[in-house]
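To start, the structure under review is shown below, and the notes come after it.
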Amino acid sequence: MTPRAQPPATIRVELNDRGYDILVGPGLLAEAGRLIRPALKSPRAIVVTDATVADLHLPALAAAFTRAGIAHDAVVLPAGEATKDFSHLARLMDELLDRKLERSNALVALGGGVIGDLAGFAAAIALRGVDFVQIPTTLLAQVDSSVGGKTAINTRHGKNLVGAFYQPRLVLADCDVLKTLPRREVLAGYAEVVKYGIIGDADFFAWLESNGAKVIAGDPAALVHAVTVSCKAKARVVAQDEREAGLREALNFGHTFGHALEAETGFSDALLHGEAVAFGMALAARLSAARGLCPTGDCERVTRHLAACGLPTSFARLPQYTWSSAKLIEHMTRDKKVRDGRIAFVLTRGIGSAFTARDVPVADVAALLDREIAGPGR
Ligand code: NAD
Ligand code: GLY
């Protein structure tokens with residue numbers, strides 16, 4: 001007898017009439033038509049994807065839509081961060097209108113965070129708002145960017161500076177699609193998984209110390225567990241603080257440093273977003289320890305686990321750049337969390353206990369960075 005497939009794990013993002021489910025499990029792409037149909041106002045969807053994902057996974061999604069009687073069409077954009085800009089938003093909008101998008105139709109974002117952020121923003125503004133569904137195909141998108149409704153594009157002033165909070169109607173996180181994801185991208189997404197442990201779940205961090213290698217290797221049960229725990233954590237925070245008035249800031253642990261590192265490396269392949277977040281989390285833990293907030297042992301565990309996975313935790317991994325604490329701090333002053341000129345740092349009192357601080361003297365951050373830049377590297 002063929003074993004019955006396990007039903008997907010379902011996580012609810014509790015946002016009243018804008019609440020939605022995140023489904024996590026294997027085999028969801030093949031079932032996507034049946035799963036998405038109840039969330040659609042009309043049986044028509046336009047898929048937005050990138051060229052890499054289109055080659056790998058669009059045929060399966062198209063077949064699933066056909067089986068479920070959903071009329072479908074696709075807009076395929078170039079892969080890569082450069083697609084998250086005004087010119088591609090304009091192209092996407094034209095392509096949607098060329099296809100006679102109607103208000104009752106839905107956009108389906110099939111891809112990583114780039115496609116999810118761009119398609120989500122397009123959905124927010126097309127015809128003053130159409131529904132959208134997220135089918136995240138990177139680990140980063142499954143555990144972070146597809147959940148919570150942050151949509152945006154980049155401008156010459158910086159990343160994610162033009163966008164909207166606009167929630168999807170449904171998120172389908174199919175662990176099987178990650179089988180085609182390059183290992184470096186898996187690792188970058190794994191950094192965001194580790195983040196949930198550090199900011200609020202010491203038991204999950206300990207589980208990752210023992211099982212992280214399985215998650216990264218694509219063990220199905222370990223992946224489903226890691227994605228489910230991560231999405232539950234994010235859903236809980238988003239339900240309490242959708243527009244980042246306070247609590248949601250903790251999700252940016254490692255990001256103040258990370259964004260500065262990304263900006264300094266020109267948002268290039270030299271340092272992927274998740275890699276920058278990993279190094280940023282190591283720096284945030286060290287800043288917390290240097291301020292006497294976080295036990296040194298916890299700080300060392302953070303660095304040890306990230307490094308053991310192969311994620312960057314020191315400037316030694318990026319020898320091709322001439323680092324300067326002043327330049328990194330200059331990037332931090334452009335962060336969206338800056339208030340009255342004060343840079344926000346998410347710090348931690350130990351694994352599982354993050355909070356936002358706006359009283360960290362810039363001189364202390366500069367001193368830490370100078371030590372790290374001069375240091376032998378870990
Ligand atoms: P990405 O979308 O660029 O995907 C990374 C690469 O993997 C791309 O080349 C893509 O074509 C490829 N790819 C995607 N799925 C694949 C698969 N299954 N198999 C093979 N290749 C695949 O990058 P990302 O890391 O997913 O997302 C990064 C973006 O997410 C950034 O723009 C960042 O700002 C944004 N982000 C947004 C939020 C949010 O809350 N909205 C949170 C975190 C990050
Ligand atoms: N990735 C941070 C957030 O969604 O708030």
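Counting starts at 1 for both ligands and their atoms, in listed order.
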Quick one: nearest non-hydrogen protein atom to [atom], plus distance?
atom	answer
atom 1 (P) of ligand 1	Val114 CG2, 3.8 Å
atom 9 (O) of ligand 1	Ala79 CB, 4.0 Å
atom 19 (N) of ligand 1	Thr180 OG1, 2.7 Å
atom 10 (C) of ligand 1	Asp50 OD2, 3.4 Å
atom 43 (C) of ligand 1	Asp144 OD2, 3.5 Å
atom 38 (C) of ligand 1	Ser145 CB, 3.2 Å
atom 4 (O) of ligand 2	Lys234 NZ, 2.5 Å
atom 5 (O) of ligand 2	Arg248 NE, 2.7 Å
atom 31 (C) of ligand 1	Glu81 OE1, 3.3 Å
atom 33 (C) of ligand 1	Lys159 NZ, 3.6 Å

Could you tell me whether [X] and [Y] have a side-chain N and a carboxylate O separated by less than 4.0 Å?
X	Y	result
Asp176	Lys179	yes
Glu209	Arg301	yes
Glu244	Lys150	yes
Lys327	Glu330	no

Ligand 1 N/O within reach of [X] N/O, cut-off under 3.5 Å:
X	value
Asp117	yes
Thr137	yes
Lys150	yes
Gly80	no
Ala141	no

Answer side chain, backbone, both or neither: which part of [X] comes under 4.0 Å from ligand 1, heavy atoms only.
X	value
Val53	side chain
Asn160	side chain
His57	side chain
Lys234	side chain
Thr52	side chain
Leu56	side chain
Leu181	both

Measuring only between side-chain heavy atoms, which start at C-beta, is [X] closer than 4.5 Å to [Y]?
X	Y	result
Leu107	Ile46	yes
Phe204	Ser230	yes
Glu95	Arg99	yes
Asp117	Ile153	no

Aromatic centroids of Phe315 and Tyr321 separated by under 6.0 Å: no

Given Asp241, Asp144, Asp201, the one that forms salt bridge (Lys or Arg N to Asp or Glu O under 4.0 Å) with Lys234: Asp144

Main-chain N/O of Lys41 paired with Ser104 side-chain donor or acceptor, under 3.5 Å: no

Side-chain donor or acceptor of Thr138 paired with backbone N/O of Ala141 under 3.5 Å: yes

Atom pair CZ/CG of Phe279 and Leu271 - distance to nearest 0.5 Å: 8.5 Å

Distance (rounded to the nearest 0.5 Å) between Arg169 CZ and Leu40 CG: 10.5 Å

Using a strict 4.0 Å cut-off to heavy atoms of [X], name the atoms of ligand 1 that fall inside it.
X	value
Glu185	5 (C), 6 (C)
Lys84	31 (C), 32 (O), 33 (C), 34 (O), 35 (C)
Gly112	2 (O), 26 (O)

Minimum non-hydrogen distance to atom 14 (C) of ligand 1, winning option of Leu118, Thr138, Asp55: Thr138

Selected option - heavy-atom contact closest to atom 27 (O) of ligand 1, from Pro78, Gly113, Gly163: Gly113

N or O pair under 3.5 Å between Lys150 and ligand 2: yes

Identified side-chain contact (heavy atoms from CB on, under 4.5 Å) counterpart of Leu96 within the set Asn105, Leu127, Leu101: Leu101

Under-4.0 Å heavy-atom contact with ligand 2, by part of His255 that carries it: neither

Asp144 contact mode with ligand 2 (heavy-atom cut-off under 4.0 Å): side chain

Hphob cluster co-occupancy, Ile36 + Leu28, side-chain heavy atoms under 4.5 angstrom: yes

Residue pair Thr49 / His57, side-chain donor-acceptor N/O under 3.5 Å: no

Proximal ligand 2 atoms for Glu244, defined as those under 4.0 Å from one of its heavy atoms: 5 (O)

Closer than 4.0 Å: a protein non-hydrogen atom to atom 12 (C) of ligand 1: no

Working for side chain to side chain contact (heavy atoms under 4.5 Å, CB included), residues Leu178 and Leu223: CA-CA 10 Å; Leu178 303 180; Leu223 253 181; 4.0 Å; yes

